[in-house]
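A note on names: the letters A, B, ... follow the listed sequences, proteins ahead of strands, and every chain is numbered from 1.
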Protein chains: 2
Amino acid sequence: MDPRLDRDTSNCSIARTLEIVGEKWTILILREVWYGSSRFSDFERVLGCPRNLLAARLRMLVEEGILATETYKEPGSRSRPKYVITAKGMDLVPAVMGLLQWGDRYRADPEGPAVLARHRECGARVDVQIRCERGHPVQAKDIESVPGPAFRMRLPE
Amino acid sequence: MDPRLDRDTSNCSIARTLEIVGEKWTILILREVWYGSSRFSDFERVLGCPRNLLAARLRMLVEEGILATETYKEPGSRSRPKYVITAKGMDLVPAVMGLLQWGDRYRADPEGPAVLARHRECGARVDVQIRCERGHPVQAKDIESVPGPAFRMRLPE
DNA sequence: AGTTTGAGTTTACTTTTAGATACTCAGACG
DNA sequence: CGTCTGAGTATCTAAAAGTAAACTCAAACT
């Protein structure tokens with residue numbers, strides 16, 4: 001793509017994804033859901049996040065269909081809500097694994113990673129890769145970005 | 001990983017990556033670098049980002065080794081700095097492609113994506129995938145997160 | 001009837017981050 | 001010497017986030 005081309009950058013899937021997951025705490029809440037948390041008090045305790053923000057973020061993630069609410073019941077207590085991830089939420093895993101992988105490479109604890117991601121069936125470690133439709137691994141530098149169907153020029157002001 | 005285990009969540013590669021790329025504008029600046037921008041005025045014009053924030057983000061990205069400065073010279077003007085991406089910066093591509101892919105799937109323009117990522121050699125579209133060491137594609141639900149070498153419990157207060 | 005509990009909401013205050021605008025600086029040019 | 005230009009600083013205001021504590025609500029338990 002030509003560097004000097006004035007693209008309409010508001011029409012960008014990266015920016016639109018960041019509108020949802022780009023606020024503070026949001027990705028960390030999803031991380032905790034993947035690691036097994038589901039209750040308001042779980043998130044609060046493990047993240048140390050302010051309750052008002054936690055409530056706002058959970059509400060937004062449910063509205064966006066990334067989390068869904070179910071109920072749980074401890075014996076001797078009434079039913080309470082819990083948060084579970086949806087298929088739409090699971091589809092954020094590659095992006096977050098990309099962040100995890102970069103952090104493991106460049107900002108890890110000297111001892112190594114705190115968490116290892118493994119293939120449940122075979123136990124082998126997993127990582128994020130870029131591949132082309134033909135199944136070949138692609139280096140980041142070999143990716144070319146070309147205008148797609150919704151490419152728009154920026155209107156001159 | 002046990003849901004009720006009180007992990008030390010400060011020791012997390014996702015959180016540490018977000019400390020760097022989680023601020024507003026940072027990922028969008030990197031997107032523009034990938035798409036070909038390199039000058040202060042390019043970023044300002046195309047992003048519409050406040051200049052003081054832009055200057056602060058560029059300085060931080062250079063300090064972190066994600067961007068590097070070079071100089072360019074237009075004929076009839078003095079030398080000025082430009083920003084180029086480093087190998088460390090290129091390693092963020094999988095994470096950002098993950099965001100792009102999610103946005104294309106769930107928040108795209110009705111007409112389709114604004115930008116298509118293609119393999120430079122063969123022209124085929126590329127996407128982000130999770131694979132295990134043996135090269136097999138892995139579904140997000142088949143990833144198991146287990147404690148790694150730097151796993152730490154949270155200290156009881 | 002009163003108490004406990006998880007899941008919030010509300011309020012009040014401080015700090016941080018973002019945004020808008022004006023100003024500076026240095027070298028090229030006339 | 002005065003002006004123009006790209007790349008910033010500086011300054012001020014506004015919005016968002018952080019902190020802390022009090023308050024609500026409903027069912028369960030004493």
Mind checking what makes side-chain hydrogen bond (donor to acceptor under 3.5 Å, both in side chains) contact with A:S10, not counting sequence neighbours? A:D8
Roughly how many Å is it from CD in A:E44 to P in C:dG6, rounded to a whole number? 11 Å
Enumerate the salt bridge (Lys or Arg N to Asp or Glu O under 4.0 Å) contacts for residues 100-123 of chain B, please, sequence neighbours excluded, ordered by first and then second residue. A:E19-B:R107, A:D91-B:R105, A:E144-B:R118, A:R152-B:D109, A:R152-B:E111
For residues 47-68 of chain A, which side-chain N or O atoms pair as donor and acceptor with protein atoms under 3.5 Å away, sequence neighbours left out?
residue	atom	partner	partner atom	Å
A:R51	NH1	A:E44	OE2	3.1
A:R57	NE	A:K24	O	2.9

When you list every nucleotide of DNA chain D with an atom under 4.0 Å from a heavy atom of chain B, which one comes first 5' to 3', and which comes last? D:dT5 to D:dT11
Rounded to whole angstrom units, what separation is found between the CD atom of A:E70 and the P atom of C:dA7? 14 Å
Contacts of type side-chain contact (heavy atoms from CB on, under 4.5 Å), residue A:A117, not counting sequence neighbours: A:M97, A:V126, B:I143
Residues passing the side-chain hydrogen bond (donor to acceptor under 3.5 Å, both in side chains) test with A:R131, sequence neighbours excluded, are A:Q129
Could you pull out all residues at least two apart from B:E32 that satisfy salt bridge (charged side-chain N to carboxylate O under 4.0 Å, His left out)? A:R7
Qualifying ring-ring contact (aromatic ring centres under 6.0 Å, His included) pairs with a residue from residues 100-124 of chain B, counting only residues at least two apart or across chains: B:W102-B:Y106
Could you tell me how far apart A:R59 (CZ) and C:dA7 (C1') are, to the nearest whole angstrom? 12 Å
B:R39 and side-chain contact (heavy atoms from CB on, under 4.5 Å): which single residue from B:R80, B:E74, B:R45 fits? B:E74
If each end axis of the helix from C:dA1-D:dT30 to C:dG30-D:dC1 is fitted on five C1' pair positions, the angle between them, to 10 degrees, is 10°
Pairs where residues 56-88 of chain B contributes a residue and the test ring-ring contact (aromatic ring centres under 6.0 Å, His included) is met, not counting sequence neighbours: none
Looking across every strand, which nucleic acid part, if any, lies under 4.0 Å from B:Y72 by heavy atom: base, sugar-phosphate, or nothing? sugar-phosphate
Within the 4.0 Å limit for protein heavy atoms, which parts of nucleotides 17-30 of chain C are touched? Write it as a string from 5' to 3', B for base, S for sugar-phosphate only, - for none. -SBB-B---BSSS-
Salt bridge (charged side-chain N to carboxylate O under 4.0 Å, His left out) filter on A:R78, not counting sequence neighbours, yields none
